[in-house]
Protein chains: 4
Amino acid sequence: MQSKMKALVKDKAGPGAAIIDMEIPKLGPHDVLVKVISTAICGTDLHIYRWDKWAASRIKPPLVMGHEMSGTIVKTGSAVKNWHDGDYVTLECHQTCGYCYQCRTGQGHICRDYSILGVDFDGCFAEYVRVPETNLWAIDQQIPPEVACLQDPVGNAVLATASTDIAGKTVMVTGCGAIGLFAVGVARVLGAAKIYAVDLIDYRLNIAEQMGSTKTINPLRMNPVEEVLLDTGGDGVDVVVEMSGNEQCLHYGLKAVKNGGRVALLGLPEEKISLNLTNDVIFKGVTLAGITGREIFATWYKTAALLKNNLDIRHVITHQMKMEQFADAFRIIQSGQSGKIILYP
Amino acid sequence: MQSKMKALVKDKAGPGAAIIDMEIPKLGPHDVLVKVISTAICGTDLHIYRWDKWAASRIKPPLVMGHEMSGTIVKTGSAVKNWHDGDYVTLECHQTCGYCYQCRTGQGHICRDYSILGVDFDGCFAEYVRVPETNLWAIDQQIPPEVACLQDPVGNAVLATASTDIAGKTVMVTGCGAIGLFAVGVARVLGAAKIYAVDLIDYRLNIAEQMGSTKTINPLRMNPVEEVLLDTGGDGVDVVVEMSGNEQCLHYGLKAVKNGGRVALLGLPEEKISLNLTNDVIFKGVTLAGITGREIFATWYKTAALLKNNLDIRHVITHQMKMEQFADAFRIIQSGQSGKIILYP
Amino acid sequence: MQSKMKALVKDKAGPGAAIIDMEIPKLGPHDVLVKVISTAICGTDLHIYRWDKWAASRIKPPLVMGHEMSGTIVKTGSAVKNWHDGDYVTLECHQTCGYCYQCRTGQGHICRDYSILGVDFDGCFAEYVRVPETNLWAIDQQIPPEVACLQDPVGNAVLATASTDIAGKTVMVTGCGAIGLFAVGVARVLGAAKIYAVDLIDYRLNIAEQMGSTKTINPLRMNPVEEVLLDTGGDGVDVVVEMSGNEQCLHYGLKAVKNGGRVALLGLPEEKISLNLTNDVIFKGVTLAGITGREIFATWYKTAALLKNNLDIRHVITHQMKMEQFADAFRIIQSGQSGKIILYP
Amino acid sequence: MQSKMKALVKDKAGPGAAIIDMEIPKLGPHDVLVKVISTAICGTDLHIYRWDKWAASRIKPPLVMGHEMSGTIVKTGSAVKNWHDGDYVTLECHQTCGYCYQCRTGQGHICRDYSILGVDFDGCFAEYVRVPETNLWAIDQQIPPEVACLQDPVGNAVLATASTDIAGKTVMVTGCGAIGLFAVGVARVLGAAKIYAVDLIDYRLNIAEQMGSTKTINPLRMNPVEEVLLDTGGDGVDVVVEMSGNEQCLHYGLKAVKNGGRVALLGLPEEKISLNLTNDVIFKGVTLAGITGREIFATWYKTAALLKNNLDIRHVITHQMKMEQFADAFRIIQSGQSGKIILYP
């Protein structure tokens with residue numbers, strides 16, 4: 001095997017990134033080396049690429065970017081027993097501590113002290129990536145690489161959407177970026193009665209429709225709350241899945257949700273948000289559920305089963321490019337005219 | 001309005017039934033009179049028709065049979081405010097006491113002291129039926145009468161199947177009578193990964209396949225437990241929905257269910273059943289959930305929404321007949337070569 | 001029986017109230033007349049008494065105030081079957097519509113269209129009160145009247161506190177008004193490991209200690225977040241019960257709650273509250289649950305059982321007075337130097 | 001450190017056991033060595049001691065017996081980072097595979113492929129025991145050794161009892177061996193309204209009373225079902241915790257449980273049990289929950305918190321002996337005149 005590889009690296013503290021040659025990672029006894037087949041760009045990668053305030057405070061260059069991928073194991077550490085060369089795998093990017101309250105009670109995804117592949121240590125936008133064995137997830141051979149590398153963000157959508165009863169219920173998804181679009185699809189295959197997809201960009205709403213929304217709402221043209229209340233006989237929706245991080249969207253959700261309903265919050269507001277808790281949450285008996293990551297590995301089992309049997313996410317994959325074209329890819333993402341972009345190393 | 005109507009009546013303590021002319025029911029202040037459009041035959045009706053041990057102990061002839069129907073309100077009692085002439089309705093057949101612990105905690109379907117329309121007081125196999133207003137359920141105009149009259153048994157299937165997480169899970173339905181067939185359809189629209197349908201009668205298994213089962217298993221030809229374990233990599237299924245009341249089927253379910261899995265019991269065994277609780281339930285951490293009726297009206301909301309938006313049950317409706325042909329209908333049911341039979345008054 | 005009674009009435013649109021003679025209420029067929037034994041003053045009564053913005057927008061004088069009481073049935077409407085003269089009762093003050101989605105799915109406490117006794121129609125600060133039969137709750141004879149009239153606010157505390165797993169968990173109660181003090185007691189009898197009671201008024205913290213808090217925290221003297229984190233090894237608390245409606249208290253709760261924890265919101269903020277949802281809710285996987293009223297009657301069963309068997313709330317009853325002393329009572333409440341005040345008609 | 005230790009060993013395939021000198025265990029990189037302070041005898045140990053059918057089929061002598069203990073770490077394997085010499089610890093005896101569906105979804109206690117310390121590999125009835133680091137549980141210094149070694153069986157009781165809502169509910173514990181007695185105590189500190197303790201041996205019922213039962217029932221003197229129904233106004237109990245494995249006890253539980261109630265099954269029947277599922281489970285909407293082991297480590301957190309703050313189990317510790325007196329200890333257990341017996345090495 002060669003000793004060098006190409007990798008897309010955040011090489012300095014500032015905007016941009018570069019493809020550079022570097023050493024293929026060394027393995028500890030519980031690590032494996034994966035030859036990367038496909039990767040996908042996440043919003044987190046864009047933060048790092050643009051070098052915003054969050055990125056500047058968290059990232060220590062040089063760092064190999066990326067945490068969504070599929071690949072094949074080519075080498076295993078000395079203590080690895082359950083994984084083998086040739087295994088087709090993807091990864092959970094949260095490396096959990098294993099010893100905190102959350103980790104020891106099946107809630108590792110909200111571990112008190114985790115680090116993230118592609119954020120806190122080298123990621124997968126490269127020919128090879130080192131992965132701790134406990135972070136691996138085996139992929140069914142029927143799942144093609146461009147889908148297989150998306151189980152991490154689809155898992156976000158599954159945890160946000162499928163952790164409450166959806167069958168026969170009405171669902172509003174605010175924010176139709178990739179995870180919002182996946183959420184529309186998840187709600188569809190779980191038997192939602194109505195799915196209202198809300199976004200300011202028609203390109204995204206068109207994909208939402210392909211993913212199974214029953215009505216798309218662009219707030220530039222109509223009021224989401226009025227539409228939803230009209231369509232539900234004044235009851236409002238059972239479930240809101242907030243994927244935008246946008247204050248106005250959250251207000252739409254809180255006004256549109258039914259008494260006793262549930263609002264899952266996954267989109268990350270950049271600023272504080274001001275809420276009328278008395279009227280919108282307390283008197284309505286509404287629950288707001290903060291959602292982050294994916295349950296390790298309960299969500300993975302469900303996500304993999306849905307992708308294999310029910311859920312077709314290919315409408316969301318709008319672009320597939322070579323890793324060298326990363327600058328084009330990030331430009332397209334920022335235009336808002338994309339779903340998910342796959343990068344091949 | 002005429003004063004007499006035709007009704008299918010259990011007229012004496014013994015097998016059979018007769019169509020007779022009788023007075024149209026009088027209304028109390030909280031009752032409505034419904035002109036019946038469609039009805040359906042349930043297993044309970046067959047018990048009463050055949051006059052088995054249970055029927056002989058419970059039924060007091062003369063009694064108008066039947067509890068599954070759709071119709072139109074033609075008259076309302078003096079205190080009825082929320083229902084009106086012309087409303088398209090069906091009914092919950094359990095008349096609950098309203099005052100017991102179960103009734104006052106949202107569990108009216110397991111009321112300590114309920115009576116059943118068509119069992120304990122006059123039913124709906126007639127031109128008209130008297131219904132207490134709190135038992136009414138409004139039907140969406142898009143639902144045709146032959147489907148609308150089936151919300152009671154579809155509701156059984158919904159309560160048994162949808163009261164646990166089904167999305168991406170593996171499900172085994174043992175017993176493909178009408179409610180078992182509905183359960184297959186419910187599991188399908190809720191996003192089950194695999195649905196194993198088990199029955200001794202191929203006619204029913206063919207319908208199960210039309211309803212969305214991924215594999216049909218006739219124990220006369222193969223061992224359900226071996227099939228399911230093989231297909232799930234030895235894990236077993238997440239959920240068993242037991243609809244047969246058959247001892248052997250329950251054993252299949254208990255052997256095929258995964259550690260930590262759930263077995264919903266709705267089929268009614270006629271005899272005691274002998275269980276290896278230590279190995280099949282306790283060491284496996286399995287839950288057995290007794291299911292009866294439908295939640296009033298949580299299950300109705302979900303059932304109605306699924307029927308309107310996702311769930312097509314028409315494959316299960318194998319026969320549609322005039323009420324006068326009741327003898328033929330009961331003979332067909334006993335042959336096992338039917339799904340659900342609709343009777344029109 | 002006399003035809004007139006004394007009642008404490010909001011007699012005009014403005015601050016204050018008056019005791020006046022008025023007709024004893026007439027009964028509809030489903031009503032009962034209750035001779036009032038004891039009543040208690042709620043924060044809602046204070047709003048009405050002071051005639052704040054909310055009261056001015058909602059209340060239509062003249063109105064008999066009050067909704068917390070115990071009494072004895074002295075007359076029943078013609079259609080009432082399950083209640084009898086001499087029954088020792090209290091009442092659920094929310095009169096629900098009975099026909100909305102919430103009412104028909106066991107969530108009547110968040111009915112879309114309810115009215116409140118003592119707010120929207122005449123209340124119980126009187127010698128007699130008319131109560132719809134479905135709002136009655138039978139009291140065990142062992143419960144004395146000064147306790148029996150408090151099942152409504154204790155029920156608030158029970159719904160807020162006991163709707164999640166408390167046993168062996170750490171709980172922080174922010175705001176030690178009467179309902180907060182009840183919440184401390186509820187957490188205690190449910191087996192909480194640690195109960196942190198937070199309030200600015202030492203008088204209330206002393207009662208919290210009597211109710212079973214393990215540590216009282218006055219933010220004037222120490223930082224609640226630092227105290228709680230120190231005491232829990234940095235993990236934070238499992239459950240926050242927010243009873244103050246105070247913005248600062250909610251921030252304490254969100255900073256002190258554990259990853260994956262739950263914050264029950266019952267205290268009503270008068271203004272909008274600004275939240276850092278990203279760091280305090282989403283990344284922590286925290287759930288905020290809006291709580292209002294009490295489940296009808298699931299919470300009543302639990303509350304009554306706790307009051308009879310485990311939960312002693314007498315420390316919270318700091319004053320017992322004649323109804324004529326209402327002006328003194330309201331003045332004491334506003335001083336902050338009280339728990340719950342009982343008024344006898 | 002010495003190289004030899006004394007251990008209580010199942011030395012041959014047949015009844016009995018012997019104390020022998022043996023090598024102190026060697027450690028793998030992820031193991032620790034614990035110097036044993038206290039141990040306790042479990043029903044499993046009695047099966048092994050008596051060499052019944054189960055033991056003969058499972059145990060491969062020679063084997064150091066025992067799996068309940070407390071001790072101090074005296075040595076750690078080369079890869080152990082989170083545990084240190086001097087740590088006061090106990091252990092989870094189930095060594096789980098870490099890779100099956102159950103292990104990867106937070107249900108390791110029902111792992112498809114686990115082995116048990118003291119059953120499948122050497123146990124803790126010895127001066128020293130080797131423990132894999134992932135099986136360790138840190139003990140609070142306030143917990144004395146005779147209590148600390150009981151967290152495993154108390155955990156059984158916690159999982160069986162506390163996994164449903166107990167506060168203000170009525171509970172029936174059938175079978176007052178040690179785990180049943182712990183269950184009585186758990187129900188008490190969780191705020192149960194009534195706790196009915198059922199056993200044939202008055203010695204045990206006396207301890208049940210000390211642990212907080214509100215009524216003890218010896219079926220030799222009265223009918224448990226009649227007593228419970230009478231005492232609950234005919235409703236029956238909310239929760240049954242079946243700890244006996246006895247067929248008659250399970251029937252008591254099923255007849256005494258309320259419609260919609262829950263029956264936790266932990267006692268292990270030696271034979272098949274015949275159930276009237278139709279009347280006792282399905283029509284009543286009852287749930288039977290098989291319970292085994294303890295959640296790893298959710299149950300441990302709860303158990304430890306209850307033992308430290310609320311739950312006093314010392315009434316159940318009826319005997320404390322030197323390990324050399326093991327023959328006496330096993331004889332006392334078989335007499336039925338004991339709670340829990342502590343053995344000191």
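Letters A, B, ... mirror the listed sequences (proteins, then strands); counts begin at 1. All values below were derived from every heavy atom in this structure, side-chain atoms included, with hydrogens, water molecules and symmetry-related copies excluded.
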Separation between OH of A:Tyr99 and CZ of D:Phe297, rounded to the nearest 0.5 Å: 10.0 Å

Any side-chain heavy-atom pair of A:Arg104 and D:Tyr301 under 4.5 Å: yes

Close approach to chain D in residues 141-160 of chain A, criterion heavy atom under 4.5 Å: none

Between A:Thr134, A:Asn82, A:Ile296, the one whose heavy-atom pairs under 4.5 Å with chain D are most numerous: A:Asn82

Chain A contact via D:Thr299 - side chain, backbone, both or neither, heavy atoms under 4.5 Å: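 Neither part.
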
